[in-house]
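First the proteins, then the strands, lettered A, B, ... as listed; each starts at 1.
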There are 2 protein chains.
Amino acid sequence: MPRGAATASGTAGARAVPEATVARLAVYLRMLGELADRGAETVSSDELATASGVNPATLRKDLSYVGSYGIRGVGYEVRPLLHHLSAALGLTHRQAVALVGIGNLGHALAGYGGFSGRGFPVAALFDVDPDLVGITINGVVVDHVREIPTVCRARHVTIGMVATPAAAAQGACDLLVRAGVSCILNFAPVVLQVPEQVEVRKVDLAVELQILAFHVARRHLAESAGEAGAAGNGAGDGAVNGHAVVQS
Amino acid sequence: MPRGAATASGTAGARAVPEATVARLAVYLRMLGELADRGAETVSSDELATASGVNPATLRKDLSYVGSYGIRGVGYEVRPLLHHLSAALGLTHRQAVALVGIGNLGHALAGYGGFSGRGFPVAALFDVDPDLVGITINGVVVDHVREIPTVCRARHVTIGMVATPAAAAQGACDLLVRAGVSCILNFAPVVLQVPEQVEVRKVDLAVELQILAFHVARRHLAESAGEAGAAGNGAGDGAVNGHAVVQS
DNA sequence: GCAACTTTGTGCACGCGTTCACGAGCGGCT
DNA sequence: AGCCGCTCGTGAACGCGTGCACAAAGTTGC
């Protein structure tokens with residue numbers, strides 16, 4: 001990590017879009033898609049914000065990061081905003097996705113319609129198991145992991161997903177990196193080591209459950225211990241602090 | 001949201017553990033498990049932090065939230081810390097999990113060994129499809145969604161997972177809430193409406209990919225625009241700004 | 001054409017989370 | 001036993017993200 005140097009200001013010049021904003025923009029995009037399907041012409045920031053589960057001011061600020069196309073007194077035109085957001089999120093070109101690890105989770109991901117339906121066709125599948133290599137899932141043939149560099153380059157894969165067991169994840173990741181993949185979505189419960197240019201996002205289902213388990217325990221604790229007065233059915237005092245819904 | 005009143009200090013008294021800290025504690029716990037399997041006796045905050053992909057200071061502060069059991073000059077004893085963290089995260093009792101929606105993703109989640117292996121046995125499965133109701137996955141029979149309230153109560157389910165299509169998610173969520181489930185992990189691409197006491201976490205795979213796509217696009221942009229020198233074959237410069245790895 | 005209402009865009013402040021830096025305690029060595 | 005080196009625990013500062021509140025701008029009604 002850099003010390004004090006380069007206080008994030010100098011670099012590109014284009015105002016960097018915060019990570020959290022990018023995540024929300026993707027949600028807005030989906031909501032806009034639904035609105036467009038429903039035939040809506042315009043949306044106010046209030047409507048779109050409540051539908052997305054965020055504060056209206058946050059939404060407006062988020063949209064302002066990518067340049068504002070709203071009409072004061074009216075709201076946002078659904079179709080233009082949808083296209084604009086798509087462009088801002090880099091969805092103008094379909095991004096080919098490679099998936100390594102066709103186990104339990106991998107198989108589901110390979111068959112998941114939500115990816116290709118939203119511009120992310122799963123273009124390559126890999127595993128080491130000889131019984132899996134050669135089979136076809138959703139029209140894509142499973143190749144051996146050693147083919148990752150050649151196949152990924154040939155099919156212009158830009159995003160990799162790692163759904164292997166923990167022990168194999170780093171190796172799969174290394175192969176993807178060697179294939180020129182610069183963004184990786186990691187489902188394996190390990191912290192991947194990657195060169196600086198490569199971006200990794202981690203989705204850890206067991207951790208998600210543990211976070212919830214913590215809240216269950218805390219709730220039980222607070223409920224059995226402290227509560228004396230009040231109905232205890234949740235609302236009211238606000239003893240236990242603030243935000244009930246996280247909706248990360 | 002409250003204005004100035006109750007500046008988060010007065011409340012319960014027990015220092016509230018930040019959400020982000022809880023998420024990291026779960027990661028530390030896993031790493032400690034691996035270390036214990038490997039026969040390690042002690043770990044320093046530096047080792048555990050790098051293994052978990054976080055700053056050592058952050059790790060120490062995180063651990064201090066749940067009471068510190070470290071030994072100055074030595075580090076942390078693996079086994080005691082592991083037990084202590086398990087207790088702090090509410091893993092002393094196994095939390096029964098219910099899964100609604102046995103589609104592509106749901107089937108994989110039902111068969112995923114990582115849950116029951118880490119203290120979260122999948123104790124109930126639900127769907128509306130008559131072809132699915134009655135079949136057995138990993139020793140658990142799929143029940144009809146209408147059975148959610150009775151079955152969940154009978155099996156002491158504390159955590160619910162929603163893996164239905166978007167249109168059915170809210171209904172499934174409502175049934176889980178009525179069954180007394182207070183924590184829900186939502187895989188459907190909708191913002192669930194829940195009463196205040198219920199906590200929802202969202203895992204949205206399409207959004208994750210879109211976030212990565214954004215970074216791919218930004219990288220392409222920066223690379224084609226500004227860059228003049230360098231090989232461009234992947235390794236090397238690292239000119240593009242700051243943090244490459246997010247590992248959320 | 002003017003006034004009033006509606007809704008966007010954004011400067012500002014608050015609070016949270018992360019990181020640094022340093023004091024406090026513990027083990028090992030002489 | 002005393003000193004030294006190592007590592008934890010934590011107070012303080014920085015930076016970021018969020019939410020409020022208000023000005024700018026456009027639209028509708030008269």
Side-chain angles (χ1 to χ4, degrees), chain A residues 1-11 15-25 28 41-50 52-78 80-81 84 241-243 245-248, chain B residues 1-11 15-25 28 41-50 52-78 80-81 84 241-243 245-248:
Chain A
M1 301 306 166
R3 190 64 65 83
T7 41
S9 57
T11 37
R15 57 215 174 280
V17 182
E19 194 71 20
T21 291
V22 176
R24 284 191 297 264
L25 287 177
Y28 306 153
E41 290 291 332
T42 61
V43 222
S44 69
S45 63
D46 262 302
E47 293 176 74
L48 190 53
T50 50
S52 307
V54 301
N55 186 292
T58 300
L59 181 139
R60 292 199 295 271
K61 181 152 289 197
D62 285 344
L63 292 182
S64 78
Y65 275 111
V66 294
S68 279
Y69 284 68
I71 307 165
R72 293 160 193 254
V74 177
Y76 298 89
E77 292 183 89
V78 173
L81 182 58
H84 187 231
N241 51 6
H243 54 339
V245 180
V246 173
Q247 207 93 262
S248 133
Chain B
M1 294 309 159
R3 187 68 63 81
T7 41
S9 57
T11 36
R15 56 220 175 275
V17 181
E19 193 71 22
T21 291
V22 176
R24 284 190 298 263
L25 288 177
Y28 306 153
E41 290 291 332
T42 62
V43 222
S44 69
S45 64
D46 263 302
E47 293 175 76
L48 190 53
T50 51
S52 307
V54 302
N55 188 294
T58 300
L59 181 138
R60 291 199 295 272
K61 181 150 288 199
D62 285 344
L63 292 182
S64 78
Y65 275 111
V66 294
S68 279
Y69 284 68
I71 307 165
R72 292 160 196 255
V74 178
Y76 299 89
E77 292 183 89
V78 173
L81 182 58
H84 186 231
N241 54 3
H243 55 337
V245 180
V246 172
Q247 208 93 259
S248 133

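One N or O donor and one acceptor, one from the side chain of A:Lys61 and one from the base of D:dG19, sit under 3.5 Å apart. Scanning atom types as modelled, no donor and acceptor separated by under 3.5 angstrom connect the side chain of B:Arg72 and the base of C:dC26.
Between B:Asn55 atom CG and B:Lys61 atom NZ the span is 11.0 Å, to the nearest 0.5 Å. The line from OH of A:Tyr28 to CG of A:Leu48 is 7.5 Å long, rounded to the nearest 0.5 Å.
For C:dT7, neither phosphate oxygen OP1 nor OP2 lies less than 4.0 angstrom from any side-chain nitrogen or oxygen of A:Ser44. Contact annotation: B:Ser68 side-chain N/O to D:dG9 OP1/OP2 distance is under 4.0 Å. Contact annotation: A:Ser64 side-chain N/O to C:dG9 OP1/OP2 distance is not under 4.0 Å. Here A:Tyr76 reaches the OP1 or OP2 of C:dG9: one of its side-chain N or O atoms lies under 4.0 Å away. The shortest distance between the side-chain N/O atoms of B:Thr58 and the OP1/OP2 oxygens of C:dT19 is below 4.0 Å. At D:dG19, none of the side-chain N or O atoms of A:Arg60 fall inside 4.0 Å of OP1 or OP2 (strictly under the cut-off).
The interatomic distance linking B:Asp46 (CG) with C:dT19 (C1') rounds to 14 Å, in whole Å. For the pair A:Tyr69 OH and D:dA25 P, the computed distance is 18 Å after rounding to whole Å. Rounded to whole Å, the distance from CZ on B:Arg24 to P on C:dT18 is 4 Å. Separating the CG atom of B:Asn55 from the C1' atom of D:dG9 is a distance of 14 Å, rounded to the nearest angstrom. Taking atom CG of residue A:Leu59 and atom P of nucleotide D:dT18, one finds them 12 Å apart after rounding to whole Å. For the pair B:Glu19 CD and D:dG17 P, the computed distance is 18 Å after rounding to whole Å. One interatomic measurement links the two molecules: CG of A:Leu81 to C1' of C:dT7, which rounds to 15 Å at whole-angstrom precision. Taking atom CD of residue A:Glu41 and atom P of nucleotide D:dT27, one finds them 15 Å apart after rounding to whole Å.
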Query raised in the report: What do the steps show when you test A:Leu63 against A:Leu25 for side chain to side chain contact (heavy atoms under 4.5 Å, CB included), and what is the final call?
Result: CA-CA 8 Å; A:Leu63 292 182; A:Leu25 287 177; 4.0 Å; yes
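Two residues are said to be in side-chain contact when any heavy atoms from C-beta on lie closer than 4.5 Å; A:Leu81 and A:Val43 fail this criterion. Looking at B:Tyr76 and B:Arg60, their side chains come closer than 4.5 Å, going by heavy atoms from C-beta outward.
Of the two residues near DNA chain D, A:Ile71 and A:Asp62, the one whose nearest nucleotide lies more 5' is A:Asp62.
Contact annotation for B:Ala57: base contact, defined as any heavy-atom pair under 4.0 Å involving a base atom.
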